[in-house]
Engineer: 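Have a look at the structure that comes next, please.
Model, not experiment: these values are computed from the prediction.
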Amino acid sequence: ECESSPFLILCWFGVQKRIKEGNIVQLVSRASYPGALRIRKRGKIDGKGGTGKRAQFLVVSPKPGEYSFCNVKDSGSSLAIQDGSLTVGKGGFHCSFRVSDPIGSGEYVCLESVAYPGNYVAFNEHGRPLVPQTNKGHCHAHFGVRVTSDPEGRGYDLPPAYTFD
């Protein structure tokens, strides 16, 4: 089962503030830590990403309080929940999410589908996407957020322990 990582607690404090338009972020699954969410070739999604561009997302805010996550490697691909599963979208309603703090600690965020309220992006311990969770308190739906670049172009260095691919 998911346990809180000391690394995540130290590095992800105040994560909701990191989800803002123009930032490039990595979403690190609490369940499959240290893997980051990524969009692979041919549109497959998993939670086994490293530091590459397939595991980085540009944050776009189509409406106040809603966010889309556009893949840096393939700008035409965004995270989406559609027809009961996590998938790759091309933008629009199914690619919009609300971000919340699931346990009130400031350590993690949950991504709730705007199209399907009460459905959250989730991964198992092996980095495989799950049917969207309806329980935001479950660790499978928790993500740490790492900002790799902000609108001013500042980058953020990875700690040495986070240099996997």
Side-chain angles (χ1 to χ4, degrees), residues 2 4-5 7-39 45-47 49-75 77-82 86-123 129-130 132-133 135-159 162:
C2 306
S4 222
S5 161
F7 173 74
L8 285 177
I9 290 171
L10 293 172
C11 294
W12 308 129
F13 185 73
V15 291
Q16 278 188 283
K17 294 176 183 169
R18 294 175 178 226
I19 302 282
K20 62 182 180 181
E21 185 158 34
N23 278 3
I24 294 176
V25 300
Q26 287 189 298
L27 301 167
V28 179
S29 171
R30 181 176 176 195
S32 65
Y33 176 81
L37 191 152
R38 68 177 169 186
I39 297 179
I45 300 174
D46 69 26
T51 59
K53 295 197 182 293
R54 290 193 182 281
Q56 296 181 37
F57 297 88
L58 173 65
V59 178
V60 178
S61 184
K63 294 182 180 177
E66 296 180 9
Y67 302 92
S68 293
F69 298 89
C70 305
N71 191 252
V72 171
K73 179 74 174 178
D74 178 5
S75 61
S77 296
S78 297
L79 297 179
I81 291 181
Q82 189 167 7
L86 179 64
T87 188
V88 176
K90 300 293 180 193
F93 189 56
H94 295 285
C95 297
S96 291
F97 296 89
R98 288 184 190 91
V99 177
S100 63
D101 181 341
I103 54 178
S105 67
E107 295 176 52
Y108 306 101
V109 295
C110 281
L111 306 178
E112 179 185 16
S113 171
V114 170
Y116 300 94
N119 284 260
Y120 299 86
V121 174
F123 288 86
L130 295 172
Q133 295 287 304
N135 179 0
K136 74 176 183 178
H138 197 282
C139 65
H140 290 122
H142 298 177
F143 295 89
V145 179
R146 180 183 167 274
V147 178
T148 60
S149 181
D150 64 16
E152 286 79 39
R154 294 179 297 217
Y156 296 83
D157 293 330
L158 284 171
Y162 197 86

Engineer: Return the set of residues passing side chain to side chain contact (heavy atoms under 4.5 Å, CB included) with Lys73 (not counting sequence neighbours), or none when no residue passes.
Structural biologist: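 Applying side chain to side chain contact (heavy atoms under 4.5 Å, CB included) to Lys73 gives Lys53, Arg54, Asn71.
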
Engineer: Side chains of Val59 and Ile24: closer than 4.5 Å at any heavy-atom pair?
Structural biologist: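 Heavy-atom side-chain distance check fails, nothing below 4.5 Å.
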
Engineer: When the ring planes of His138 and His140 are compared, do they come out parallel, tilted or perpendicular, using 30° and 60° as the limits?
Structural biologist: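 Correct class here is parallel.
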
Engineer: For a 4.5 angstrom cut-off between non-hydrogen side-chain atoms, does Phe123 reach Ile45?
Structural biologist: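 Yes, side chains in contact.
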
Engineer: Any idea which heavy atoms bring Asp46 and Pro129 closest together, and the distance?
Structural biologist: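 Heavy atoms of Asp46 and Pro129 come nearest at CA-CD, 4.4 Å.
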
Engineer: How many angstroms lie between atom CG of Leu111 and atom CD1 of Ile19, to the nearest 0.5 angstrom?
Structural biologist: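 Reported value, rounded in 0.5 Å steps: 6.5 Å.
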
Engineer: Donor-acceptor check, side chain of Ser32 to backbone of Gly47, threshold 3.5 angstrom: yes or no?
Structural biologist: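 Confirmed, Ser32 side chain pairs with Gly47 backbone.
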
Engineer: Give the minimum heavy-atom separation between Cys95 and Ala80, together with the two atoms involved.
Structural biologist: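 Cys95 and Ala80 have their closest heavy atoms at SG-CB, 3.7 Å.
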
Engineer: Would you say Tyr67 and Glu21 make side-chain contact, with heavy atoms under 4.5 Å?
Structural biologist: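 Tyr67 vs Glu21: side chains apart.
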
Engineer: With rounding to the nearest 0.5 Å, note down the distance linking OG in Ser68 to NZ in Lys63.
Structural biologist: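 With rounding to 0.5 Å, OG (Ser68) is 10.5 Å from NZ (Lys63).
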
Engineer: Work out which heavy atom in Phe143 is nearest to a heavy atom in Val121; give both atom names and the distance.
Structural biologist: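 Looks like CE1-O, 3.5 Å.
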
Engineer: Using the rule side chain to side chain contact (heavy atoms under 4.5 Å, CB included), only one of Ser78, Ser61, Pro62 pairs with Ser96; which is it?
Structural biologist: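 Per the side chain to side chain contact (heavy atoms under 4.5 Å, CB included) rule, the option paired with Ser96 is Pro62, out of Ser78, Ser61, Pro62.
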
Engineer: Would you please classify the geometry between the Phe57 ring and the Phe69 ring as parallel, tilted or perpendicular, with 30° and 60° separating the classes?
Structural biologist: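 Aromatic pair Phe69/Phe57 classed perpendicular.
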
Engineer: Under 3.5 Å, is there a donor-acceptor pair between the side chain of His142 and the main chain of Val28?
Structural biologist: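 Pair absent, no side-chain N/O of His142 close to backbone of Val28.
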
Engineer: Which heavy atom of Arg18 sits nearest to which heavy atom of Val25, and what is that distance?
Structural biologist: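 Answer, listing the atom of Arg18 first, then Val25: O-CG1, 3.8 Å.
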
Engineer: Would you say the side-chain atoms of Gln56 pair up with the backbone N or O of Thr51, donor to acceptor, closer than 3.5 Å?
Structural biologist: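 Yes.
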
Engineer: For Leu79 and Leu37: C-alpha separation, side-chain torsions, deciding distance, then whether side chain to side chain contact (heavy atoms under 4.5 Å, CB included) applies.
Structural biologist: CA-CA 10 Å; Leu79 297 179; Leu37 191 152; 3.4 Å; yes

Engineer: Which heavy-atom pair separates Ser77 from Val88 by the least distance, and what is that distance?
Structural biologist: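 Residues Ser77 and Val88, closest heavy atoms: CB-CG1, 3.4 Å.
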
Engineer: Are any of the side-chain heavy atoms of Cys110 and Ser100 separated by less than 4.5 Å?
Structural biologist: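 Heavy-atom side-chain distance check passes, below 4.5 Å.
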
Engineer: Is there a donor-acceptor pair closer than 3.5 Å between any side-chain N or O of Glu112 and the backbone N or O of Gly118?
Structural biologist: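 Yes; at least one donor-acceptor contact below 3.5 Å.
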
Engineer: Determine the minimum heavy-atom distance between Gly52 and Gln26, stating which atoms define it.
Structural biologist: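 Result for this residue pair: O-NE2, 4.4 Å.
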
Engineer: Measure the shortest side-chain to side-chain distance between Val145 and Leu27 over non-hydrogen atoms and say whether it is less than 4.5 angstrom.
Structural biologist: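 Val145 vs Leu27: side chains touch.
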
Engineer: CG of Asp101 to NZ of Lys136: how many Å apart, nearest 0.5 Å?
Structural biologist: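 One finds 8.0 Å between CG of Asp101 and NZ of Lys136.
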
